[in-house]
Protein chains: 2
Amino acid sequence: MGGRAEKDMLFDTFASVAKVLGSGRRAEIVDVLAQGERPVDELAREIGQTVANTSQHLQQLLRPGLVSARRQGTRIYYRLSGPSVVRLWAAVRQVAAEHVEELDELAAAYLGTRSGLDVLTRSELAERMAAGDVVVLDVRPEPEFRSGHIAGAVSVPVRELAGRLKELPDGRTVVAYCRGQYCVFADEAVRMMHARGLPAARLEDGYPEWVAAGLPVEADGLHSPA
Amino acid sequence: MGGRAEKDMLFDTFASVAKVLGSGRRAEIVDVLAQGERPVDELAREIGQTVANTSQHLQQLLRPGLVSARRQGTRIYYRLSGPSVVRLWAAVRQVAAEHVEELDELAAAYLGTRSGLDVLTRSELAERMAAGDVVVLDVRPEPEFRSGHIAGAVSVPVRELAGRLKELPDGRTVVAYCRGQYCVFADEAVRMMHARGLPAARLEDGYPEWVAAGLPVEADGLHSPA
DNA sequence: ACTCTATTCAAGTAGATACTTGAATACCAC
DNA sequence: GTGGTATTCAAGTATCTACTTGAATAGAGT
């Protein structure tokens, strides 16, 4: 007890948790799983990797317990093991945002410039929803909406938005949201609506942050108990 | 913009932050730096590695900006770049504590059993300090005390404690604290005092958590402005 | 039973990582 | 300038990692 070997093993164990997040592909997996559980093949398509490689990444996330799995028929659904994993992923992005210089350029290259894009914080959106002032649009792929969304939001995946613009009520501002601050869907939706002359804004971050803040959510159209 | 290559680069950048914490030795370095800045050779001694190896680990922590350095004469002092790094390290330990099964055994092997060891939370300690009820003992090495400690604490490094037990006032409970939950110093101090029949307890976590909670600290005997 | 699909396993390869060793650099004191 | 100390750099080696490919497993439908 108290020796160097024991100390090394203890810190190696802490490090093993950080290590599995130390791959861009696994980070993408965690980012997607923060939206809700997913089977392997969907994750593979999402991160642009083979199923075999995705499966192996998932095994690595499984070992230190960052994700859990449940079998349903022939599919295996993976999910994050708990809210502390969501907080860890948020802490990683926060440090990157504050201290990695080239992040801004990379984000701009992926997301495009956000100048002229109206942004609402979570609390601003919550207030305006209470005032009945806005329509909230969930522009993520529909399975993510089904597994959980902001209470009162309407699902219009960004790929279907162009054909469904006439469904939107006019007079009220549309606020789009998606997976988080570094997710493109809401940006694309707001740009599309602006191009049509509709008043639109995006939520600053995304669904996982809304959940973490304890704001009201629902799943499959039912209000969640929490 | 919006392509797979850009997305990969963005997530590789997030991952690069997690990756540098994915080594036990670098995790130890971060844990020590959470106590305050340190020159390379002290860090090397602390983590039981050569100076060259420690220096190389520090370069890796430097690249994504987790640590910063300042030169003073012939020494170079490294420090964590900001509070978000402390939160990240806390998030890693939290996930490990919740989801890594073997952590309990490893912690017990390093720290020894904690049964019979009285533990106070931060708020309990803050209350009892306000009541003037306790003596607070900082049992970390003295340089760490000097670079910042709980306001009102007395420095008695655990290696000197045996020879200085008579300095302690009797009648009041002694509460020892050190670097955090997984730090041995406070445990050793409490065991030593218990063996002498003195009423003693340890703070549940340590100095970085006290700072993060916004509780009062001081450095070099002067009250800090924050 | 056979077939289809989702997932995992196993082996192979190119590239990265941790630690060592010995030399180079940078500052300070004289 | 010289000598001394703290730190970094560069090269070498053993080990690990990411991704690929092709085969194995496991459940569902017929």
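Hydrogens, waters and symmetry mates play no part in the numbers below; they use all other heavy atoms, side chains included. Proteins get letters first, then strands, A, B, ... in listed order; numbering begins at 1 in each.
A sub-4.0 Å separation between OP1 or OP2 of D/dA6 and a side-chain N or O of B/Gln72 is absent. Between A/Arg26 and D/dA18 there is a side-chain N or O to OP1 or OP2 distance below 4.0 Å. The side chain of A/Lys19 places an N or O atom within less than 4.0 Å of a non-bridging phosphate oxygen (OP1 or OP2) of D/dT17.
The residue B/Val40 sits close only to the backbone: its heavy atoms come under 4.0 Å of sugar-phosphate atoms, none of a base. Nucleic acid contact class of B/Asp41 (heavy atoms, under 4.0 Å, all strands): sugar-phosphate only. Looking at heavy-atom distances under 4.0 Å, A/Gln56 makes contact with a base.
Inspection of the A/Gln56 and A/Gln60 side chains reveals no N or O donor paired with an N or O acceptor under 3.5 Å.
Along DNA chain D, the nucleotide closest to B/Ser55 and the one closest to A/Thr74 are compared, and the more 5′ of them pairs with B/Ser55.
Looking at heavy atoms from C-beta onward, A/Tyr78 lies out of side-chain contact with A/Arg70 at the 4.5 angstrom threshold.
On the nucleic acid side, DNA chain C has its first and last nucleotide under 4.0 Å of a heavy atom of chain B at C/dT17 to C/dC28, going 5' to 3'.
If you take CD of B/Glu42 and C1' of D/dA6, they are 12 Å apart, rounded to a whole angstrom. When rounded to the nearest whole Å, the span between CG of B/Asn53 and P of D/dG12 equals 18 Å. Computed from coordinates, the B/Arg4 CZ to D/dC19 P distance equals 11 Å when rounded to whole Å. Atom pair A/Arg25:CZ and D/dC19:P shows a separation of 6 Å (rounding to whole Å applied). Rounded to whole Å, the distance from CZ on B/Arg38 to C1' on D/dA6 is 16 Å.
If you run side-chain contact (heavy atoms from CB on, under 4.5 Å) between A/Leu33 and each of A/Glu46, A/Arg38, A/Arg79, A/Glu28, only A/Arg38 comes through.
Aromatic ring orientation, A/Trp89 versus B/Phe11: parallel (interplanar angle below 30°, classes split at 30° and 60°).
Legend: residues meeting salt bridge (Lys or Arg N to Asp or Glu O under 4.0 Å) with A/Arg45, ordered by chain and number and at least two apart, are A/Asp41.
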